[in-house]
Amino acid sequence: MHDRHEVVIAGAGPAGAQCARDVAKRGYDVLVLETENEAEFPRQSNKSTAGTFASMMGAFGLPDDVVMNYTEKIVLESPNDHFTRVQPGAVMDFADFKQFLVEDGREAGAEYRFNARATAPITEDGHAVGVRYNGDQEVYADIVIDATGPAAPLAKALDVSDLERKNQAIGVEWEMGGIRVEHDGYADLTDAMMLRLDHDLAPGGYSWIFHTGADTAKVGLCFIQNERYRNHQTKDRSIDGYLDHWLDTDPRLTNAKRHEGGQHRGSAHIQTPDRLHAPGFMAIGDTVPTVDPLWGEGIHTCMKSGRAAAITADRCLMSERRDISGSNMSVYDTLWHRDVAPKAERRLLMTRLLYLASNERYDRLLGDMNDLGMGTLADANEGSPLAIARLIHLDDAPLFGQFLRDRVAERLA
């Protein structure tokens with residue numbers, strides 16, 4: 001007799017674990033396969049800054065004890081300017097957060113199988129009917145969900161995921177002590193989450209300092225190996241080299257000490273997804289591309305995709321005559337584009353334009369924000385044409401020209 005469940009999920013990250021919570025609470029038999037050893041979980045996948053806002057904490061019922069520090073504001077920096085906005089948030093301990101999701105899911109009835117690396121889907125007539133893991137072990141399910149992140153072994157095999165290396169953002173972060181959160185000439189970062197746009201520190205990306213209390217913070221950077229990166233990169237400097245350079249040159253960080261075991265690494269893809277589902281199958285979290293890396297909140301996006309997948313699974317399984325056809329599974333795509341990443345194309349355009357801008361343009365952008373307010377940029381990031389127009393100047397024509405040339409080159413490649 002086959003090892004069989006109603007839903008099997010590969011990956012116990014925020015998307016997979018949240019989906020398991022929701023599916024289990026609806027009364028379905030769900031199994032989660034996780035690559036890591038349970039005793040060390042989440043050592044290898046402990047990759048996130050885990051900065052979030054009140055809406056995330058409330059929407060998913062997260063407890064206070066996964067929070068390292070509640071923050072009061074967001075600070076945006078460019079090389080020569082900064083902007084501060086009051087915005088309550090939270091910097092979570094990512095390991096504690098992920099462990100909470102697992103335990104809460106277990107209490108709801110989800111089963112977890114650690115040391116179980118998903119390697120391929122099991123298919124019948126081209127449809128996913130199970131997962132092969134650890135080489136030759138198999139588990140079957142009515143619905144299969146890939147939440148393995150950019151590796152996406154199930155989604156790729158089913159031609160759902162089309163992650164392109166040129167769109168991959170890579171990041172590194174350290175938890176550190178000895179941070180001077182108050183320093184002359186800089187914004188006060190006490191109880192703040194700070195994002196800095198500066199190609200000298202993160203060409204084609206951004207860096208950050210998230211205050212975690214006293215003189216401690218999460219400090220990191222990420223970038224995409226895009227045209228701006230290629231134009232501004234320092235020869236032979238790795239991502240770790242860029243972080244070392246920032247630590248050496250920013251007076252707030254010159255006395256910073258790395259915490260043992262406090263390194264986090266990760267990646268995501270910055271592109272719009274093609275498909276998100278197949279008959280009996282869904283791809284969630286970073287298994288499909290991230291479209292809004294600008295303000296972080298990747299965890300929130302992943303968990304919303306997990307919740308959308310759980311709603312879809314419920315719809316497909318709730319009747320006696322279960323329907324996991326492609327047309328019924330497509331509900332997930334509808335929910336994803338409506339609730340997880342609305343106006344994805346416009347938001348991606350804004351992100352790409354931002355990363356192509358020069359350091360001088362970043363200074364001007366922050367000047368505009370100090371005049372117009374954070375709401376304008378937030379609305380632009382959500383795809384508002386009016387807000388986008390308010391941030392554009394006549395002398396941005398070369399920037400748009402570069403963007404169009406890049407797009408043409410991409411299509412011809």
Side-chain angles (χ1 to χ4, degrees), residues 2-48 60-62 66 94-122 128-135 137-155 157-158 160-161 276-277 280-288 299 302-314 316-317 324 332:
H2 291 313
D3 182 4
R4 185 168 190 87
H5 301 265
E6 290 174 298
V7 178
V8 62
I9 302 169
Q18 179 57 45
C19 186
R21 287 175 81 196
D22 283 348
V23 170
K25 288 175 181 178
R26 285 173 165 82
Y28 297 107
D29 173 20
V30 55
L31 170 69
V32 181
L33 304 174
E34 168 54 43
T35 299
E36 290 191 40
N37 183 295
E38 183 171 11
E40 298 179 339
F41 178 79
R43 179 177 58 84
Q44 294 177 358
S45 59
N46 189 15
K47 67 179 185 178
S48 176
F60 293 98
L62 302 181
V66 304
F94 195 53
D96 288 350
F97 160 65
K98 290 180 71 173
Q99 289 164 1
F100 163 77
L101 293 180
V102 170
E103 291 309 312
D104 195 59
R106 277 176 163 163
E107 289 181 10
E111 178 185 346
Y112 276 80
R113 195 170 295 172
F114 287 86
N115 295 313
R117 180 183 294 274
T119 54
I122 302 169
V129 296
V131 178
R132 186 167 290 109
Y133 67 99
N134 291 353
Q137 297 188 62
E138 297 181 342
V139 58
Y140 290 78
D142 296 310
I143 292 176
V144 173
I145 296 174
D146 191 342
T148 58
L154 312 183
L158 294 166
V160 170
S161 179
L276 302 164
H277 79 280
F281 177 81
M282 290 176 279
I284 67 175
D286 287 337
T287 302
V288 291
I299 293 173
C302 284
M303 293 179 73
K304 285 193 291 185
S305 73
R307 176 154 287 174
I311 292 169
T312 304
D314 186 33
C316 293
L317 300 176
I324 56 171
Y332 172 60

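- Looking at residues two or more places apart in sequence or on another chain, you find a salt bridge (Lys or Arg N to Asp or Glu O under 4.0 Å) between Asp314 and Arg26.
- Put simply, CD1 on Ile145 and OG on Ser305 are 9.5 Å apart, with the number rounded to the nearest 0.5 Å.
- Residues that satisfy the side chain to side chain contact (heavy atoms under 4.5 Å, CB included) test with Gln137, not counting sequence neighbours, are Tyr133, Asn134.
- Rounding to the nearest 0.5 angstrom, the gap separating the CG atom in Leu31 from the CD atom in Glu6 is 12.0 Å.
- Looking at residues two or more places apart in sequence or on another chain, you find no salt bridge (Lys or Arg N to Asp or Glu O under 4.0 Å) involving Glu107.
- Asp142 is linked by a salt bridge (Lys or Arg N to Asp or Glu O under 4.0 Å) to Arg4, Arg322, counting only residues two or more places apart in sequence or in another chain.
- Ile143 approaches Cys316 most closely through the heavy-atom pair CD1-CB, 4.1 Å.
- Once rounded to the nearest 0.5 Å, the distance linking CZ of Arg106 with OH of Tyr112 reads 8.0 Å.
- Taking Asp96 as the reference, Val66, Asp93, Gln99 meet the side chain to side chain contact (heavy atoms under 4.5 Å, CB included) condition, with sequence neighbours excluded.
- In terms of the salt bridge (Lys or Arg N to Asp or Glu O under 4.0 Å) criterion, residue partners of Arg113 (sequence neighbours excluded) are, by chain and number, Asp3, Glu111.
- Heavy-atom minimum distance, Leu154 versus Ala120: CD2-C, 3.3 Å.
- Glu40 has no carboxylate O lying under 4.0 Å from a charged side-chain N of Lys98, or vice versa, which leaves the two without a salt bridge.
- For residues 12-21, the set of pairs meeting the side-chain hydrogen bond (donor to acceptor under 3.5 Å, both in side chains) definition, not counting sequence neighbours, comprises Gln18-Arg21, Gln18-Asp22, Arg21-Asp104.
- When side chains are defined from C-beta on, Asp286 counts as touching Cys302, because their heavy atoms get closer than 4.5 Å.
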Let me check something: any side-chain donor-acceptor pairs from residues 9-17 under 3.5 Å, sequence neighbours excluded? List them with distances.
none

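- Atom SG of residue Cys19 and atom CE of residue Met303 lie 11.0 Å apart, to the nearest 0.5 angstrom.
- Residue Gly306 comes nearest to Ile284 through the heavy atom pair CA-CD1, 4.0 Å, listed as atom of the first residue, atom of the second, then distance.
- With contacts defined as side-chain heavy-atom distances shorter than 4.5 Å, the pair Val7/Leu317 qualifies.
- The two atoms that bring Val23 and Ala310 nearest to each other are CG2-CB, 3.7 Å, heavy atoms only.
- Using a 4.5 Å heavy-atom cutoff, the side chains of Leu101 and Leu62 are in contact.
- Judged as a side chain to side chain contact (heavy atoms under 4.5 Å, CB included), and not counting sequence neighbours, the contacts of Ala155 are Asp146, Ala152, Val160, Ser161, Phe281, Ala283, Thr287.
- Considering all non-hydrogen atoms of both residues, Leu33 and Val131 come closest at CD1-CG1, 3.8 Å.
- For Ala108, the side chain to side chain contact (heavy atoms under 4.5 Å, CB included) partners are Ala24, Lys25, not counting sequence neighbours.
- Interatomic distance, Phe97 CZ to Phe60 CZ, rounded to the nearest 0.5 Å: 8.5 Å.
- Considering only heavy atoms from C-beta on, Tyr140 stays 4.5 Å or farther from Val8 through its side chain.
- Using a 4.5 Å heavy-atom threshold, the side chains of Thr119 and Pro153 count as separate.
- Note that CE of Met282 and CD1 of Ile324 are 10.0 Å apart. Values are rounded to the nearest 0.5 Å.
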